[in-house]
Amino acid sequence: MSASPVSELSAAVERAVSAVGGDGLAVGLERPADPGHGDYATAIALQLAKPLRSAPRDIAGRIAAELESEFIESVEIAGPGFLNLRVTPSWHRHAVGRVLEQGSRYGAGAIAAPGRIQVEYVSGNPTGPVTVATARNAAYGDSLARLFEFAGHDVGREYYFNDAGRQIDLFGESLKARAAGAEPPEDGYQGAYVADVAAELGLGPDADVAAWARAGTDAMIGRIRTTLARFRCSFDTWFLERSLYETGAVQRAIDRVRAEGHVYDADGAVWLRSSALGDDKDRVLVRSDGSFTYVAGDLAYITDKLERGFDTAVYVLGADHHGYIGRLKAAAQALGYDPARVDVQIYQLVRLREGKMSKRAGRIVTLDDLLDAIGVDAARYALVQRGHDQPIDLDIDLLTAQNAENPVYYCQYAHARIAAILRRADGGEAAEPDPSWRPEPAEAELVKALAGFPGLVAEAAERRGPHRLAGYAQDTAKAFHQFYKQCQVIGVEPPVERSRLALCRATAQVMRTALDLVGVDAPESM
RNA sequence: GGGGGCGUAGCUCAGGGGAUAGAGCAGCAGCCUUCUAAGCUGACGGUCGCAGGUUCGAAUCCUGCCGCCCCCGCCA
């Protein structure tokens, strides 16, 4: 990982901090809300007051005296002991040059400790289409995988099809009933798509339920894959639960935890003593009728994942599955793995507010319907822009009728505007701003926005929060639009024009990267 | 009853120990003879659910309470 423009500044502060006795401390630089407080600020002197047993302002003064960097123009001690830094024009030039030099890799590799990490996401039953509720899983999981990969992890993306068990049997029964013109079972699948699939399969009325189930799930898997590809979600592997039973992996996993002493028999069933491993209760592995439970499949599946070499297995699950956390970690531990290698990310549920439009068009429940209504870009953005532990309300009216006001277009518009400028400039851009460049405030703000990208990527990856990228894209777009309004690019003095063109190219690059990480296109024109 | 998540502007939500708490939308007032007005500028809008605690400093951490959502199956 190469140093980012901001980390070069904080490294200089860290050297000064070490010199006054704060050895090895990481210094966080933040951008003050008040421009009077400089370009970057740190409260490190306040934090050092206690360990150094000195007054914060004195410490700040000593740090300031030790501070040496070609990129820092001035240091000021303010308030209770803040250090306010102002950067030099050469830093702005350097920062823009850094973006252009690294191109699409700018901000990449930001993570401190890269590893092999699997992201398992969506994983809906192959008994129905991808719904809007599941779409949040898809948008979040895919963006998280993109973010991990960009930040430096070796990522595997997997979809786990629960193509075994009672739900699948019910699906088969429902299909067969529809094919015969009858109603599906009471607790079967009622959706209109069931009849479509049944007709499409063309199985004879005498085909058995298992054949219907098998053909039906195969058909649904095909549909799901098509929808997800449209939603720009990619998977490296499509894992079938039934394969775990077919290969005997489930039985082997049960034998393994039994050998470890985590299993007991009661009421004719086989139980996992998960309550001793942090779960809130024991779990049945083999029912009294001899059939395996879903938990038994989990044991085999975790084994399979971790034995494939992943350091961490991330599960992306909806809030209604939060009880899974304890169960999965207990399962991992029972198998002898460090439960920390199982990383469950829970996202809160999507509530769909149906407005006038959706009433007219019928209930919008599937992802395909949502995409038909608002397009992939708006849908991806809407579903990842909020923190995953925050419940979200989707107002279809707002997303469609007011789509011109949607933040995604604001971001895309910034990129399109830059593209227009670059088209006009016709390739005369420099690789770096001119040495004489003295950025105006709007330019300096834009540079600082770009400079913050690598740090943001690292933080977003660490916190598993790709929504940060959406917010970042919006902030950067705002900085660009303000720059655009205040600073003419084409036709000003050549050194300034060259510098601004370089800044434009750097901005376009970062916008492309940030938007790509949330699965949104950066158009050349709008 | 037990557990998890969330209460921040009229609405949807960022921010998760630092200075005067932000954005988008809605609404008000302005800005197109220059690179895309899907834009910009200004004003308006807040007891950060409530009450304690920790701290030099709390929207942020801790405890309790209130409210909303979700889970608590030999379903998946």
Side-chain angles (χ1 to χ4, degrees), chain A residues 28 30 32-34 36-37 41-44 46-47 49-50 55-56 78-82 84 123-125 127 162 164-168 170 187 241 266-271 280-281 283-295 297-298 318-326 346-349 351 353 382 385-395 398 402-414 416-425 442 463 465 467-468 470-471 474-475 477-478 480-492 497 500-501 504 525-526:
Chain A
E30 51 188 55
D34 182 344
H37 293 154
T42 177
I44 189 72
L46 292 160
Q47 288 149 20
K50 189 162 286 178
F82 293 103
N84 294 337
S123 297
N125 286 356
T127 55
N162 310 136
R166 175 160 165 66
Q167 295 304 316
I168 300 301
L170 266 178
D187 51 351
E241 183 190 4
D267 306 326
V270 177
W271 294 74
D280 50 4
K281 61 182 66 169
R283 306 285 175 181
V284 171
L285 294 176
V286 186
R287 299 185 189 94
S288 47
D289 68 3
S291 61
F292 294 115
T293 65
Y294 193 79
V295 182
D298 281 340
D320 51 340
H321 288 71
H322 95 265
Y324 254 56
I325 301 174
I346 297 292
Y347 63 92
Q348 297 297 312
L349 302 179
R351 216 186 65 190
R353 295 204 307 195
Q385 72 174 321
R386 306 308 183 191
H388 61 288
D389 55 3
Q390 183 79 226
I392 50 178
D393 282 355
L394 275 195
D395 188 323
L398 224 64
Q402 299 172 342
N403 65 4
E405 307 295 342
N406 187 310
V408 74
Y409 300 108
Y410 182 84
C411 296
Q412 292 183 316
Y413 186 50
R417 274 182 147 180
I418 297 170
I421 292 174
L422 297 180
R423 272 195 299 275
R424 188 168 289 234
R463 297 194 186 186
H467 71 288
R468 296 288 195 104
Q474 210 171 321
D475 291 344
K478 185 179 185 68
F480 174 76
H481 285 308
Q482 291 171 334
F483 157 80
Y484 182 90
K485 184 68 182 179
Q486 290 171 39
C487 302
Q488 177 72 21
V489 177
I490 305 290
V492 296
E497 180 181 293
R500 290 179 177 171
L501 282 170
C504 283
S525 66
M526 288 175 74

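Proteins come first, then strands; the chains are lettered A, B, ... in the order of their sequence lines, and each starts at number 1.
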> Which part of the nucleic acid, if any, lies within contact of A:Cys411, taking any heavy atom under 4.0 Å across all strands shown: a base, the sugar-phosphate backbone alone, or nothing?
Replying inline: nothing

> Considering only heavy atoms from C-beta outward, does the side chain of A:Ser525 approach that of A:Arg423 to under 4.5 Å?
Replying inline: yes

> Taking C-beta and beyond as the side chain, do A:Arg468 and A:Arg463 meet within less than 4.5 Å on heavy atoms?
Replying inline: yes

>> Between the base of B:rA19 and the ring of A:Phe82 - centre-to-centre under 5.5 Å, planes within under 30° - is that a stack?
In response: yes

>> Applying a 4.0 Å non-hydrogen cut-off, can you work out what A:Ser525 is touching in the nucleic acid: base, sugar-phosphate, or nothing?
In response: base

>> Heavy atoms from C-beta onward define the side chain here; which of B:rG15, B:rU41, B:rG7 lies closest to that of A:Arg468?
In response: B:rG15

>> Applying a 4.0 Å non-hydrogen cut-off, can you work out what A:Ile392 is touching in the nucleic acid: base, sugar-phosphate, or nothing?
In response: sugar-phosphate

>> What's A:Asp289 touching, base or sugar-phosphate or nothing? Going by heavy atoms closer than 4.0 Å.
In response: nothing

> Tell me: CG of A:Asp34 to P of B:rA19, nearest whole Å?
Replying inline: 11 Å

>> Taking any heavy-atom pair under 4.0 Å as a contact, classify A:Asn84: base, sugar-phosphate, or nothing.
In response: base

> Given the C1' atoms of B:rA59 and B:rC50, what is the spacing between them in whole Å?
Replying inline: 14 Å

> In the structure shown, which nucleotide is the Watson-Crick or G-U wobble counterpart of B:rU54, with both distances under 3.5 Å?
Replying inline: none

>> Within the structure provided, determine whether A:Leu501 and A:Leu422 are in side-chain contact (heavy-atom separation under 4.5 Å).
In response: yes

> Starting at the 5' end of RNA chain B, which residue's closest nucleotide do you reach first, A:Gln47 or A:Val286?
Replying inline: A:Gln47

>> Protein within reach of the bases, or only the backbone? For nucleotides 42-48 of chain B, mark each nucleotide 5' to 3' as B, S or -, using heavy atoms under 4.0 Å.
In response: -------

>> Over all strands shown, is A:Gln390 touching base, sugar-phosphate only, or nothing at heavy-atom distances under 4.0 angstrom?
In response: sugar-phosphate

>> Categorize A:Ala419 for me: base, sugar-phosphate, or nothing, with a 4.0 angstrom heavy-atom threshold over every strand shown.
In response: nothing

>> The side chain of A:Gln167 is closest to which nucleotide in this list: B:rA76, B:rC13, B:rG39?
In response: B:rA76

> Syn or anti for B:rC32, taking syn as within 90° of 0?
Replying inline: syn

> What integer number of Å spans the C1' atoms of B:rA19 and B:rG27?
Replying inline: 31 Å

> Is there a Watson-Crick or G-U wobble partner for B:rG7 with both distances under 3.5 Å, and if so, which one is it?
Replying inline: B:rC66

> Counting only Watson-Crick or G-U wobble pairs whose two distances fall under 3.5 Å, which nucleotide matches B:rA23?
Replying inline: B:rU12

> Base, sugar-phosphate, or nothing for A:His481, non-hydrogen atoms under 4.0 angstrom?
Replying inline: sugar-phosphate

> For A:Gly387, which contact category applies under a 4.0 Å heavy-atom criterion: base, sugar-phosphate, or nothing?
Replying inline: sugar-phosphate

> If pairing requires Watson-Crick or G-U wobble contacts with both distances under 3.5 Å, which nucleotide is the partner of B:rG1?
Replying inline: B:rC72

> Can you tell me how far C1' in B:rG53 sits from the matching atom in B:rG42, rounded to whole Å?
Replying inline: 43 Å

>> Does any part of the side chain of A:Arg417, heavy atoms only, come nearer than 4.5 Å to the side chain of A:His481, both counted from C-beta?
In response: yes

> Would you say the side-chain atoms of A:Thr42 pair up with the backbone N or O of A:Gly28, donor to acceptor, closer than 3.5 Å?
Replying inline: yes

>> What's the gap between B:rU55 and B:rG49 when it is taken at their P atoms, as a whole Å value?
In response: 23 Å

> Taking the P atom of each, how far is B:rG46 from B:rC11, in whole Å?
Replying inline: 12 Å

>> Applying a 4.0 Å non-hydrogen cut-off, can you work out what A:Tyr324 is touching in the nucleic acid: base, sugar-phosphate, or nothing?
In response: base

> Quick one: does A:Gln488's side chain have a donor or acceptor within less than 3.5 Å of a partner on A:Ile490's backbone?
Replying inline: yes

>> Please name the nucleotide paired to B:rC40 by Watson-Crick or G-U wobble geometry with both distances under 3.5 Å, or report none.
In response: B:rG30

> For A:Gly36, does its backbone N or O pair with a side-chain atom of A:Asp34 as donor and acceptor, under 3.5 Å?
Replying inline: yes

>> Measuring to OP1 and OP2 of B:rG24, would you say a side-chain N or O of A:Lys478 lies under 4.0 angstrom away?
In response: yes

> Which is true for A:Pro391 with a 4.0 Å heavy-atom rule: it touches a base, it touches only sugar-phosphate, or it touches nothing?
Replying inline: sugar-phosphate

> When rounded to the nearest Å, what value does the distance between P atoms of B:rC44 and B:rG10 take?
Replying inline: 15 Å

> Reckon A:Arg500 touches a base, only the sugar-phosphate, or nothing at all at heavy-atom distances under 4.0 Å?
Replying inline: nothing

>> For A:Phe480 and A:Phe483: C-alpha separation, side-chain torsions, deciding distance, then whether ring-ring contact (aromatic ring centres under 6.0 Å, His included) applies.
In response: CA-CA 5 Å; A:Phe480 174 76; A:Phe483 157 80; 5.7 Å; yes

> With no hydrogens and no angle check, is any side-chain donor or acceptor of A:Arg283 less than 3.5 Å from a backbone partner on A:Trp271?
Replying inline: no

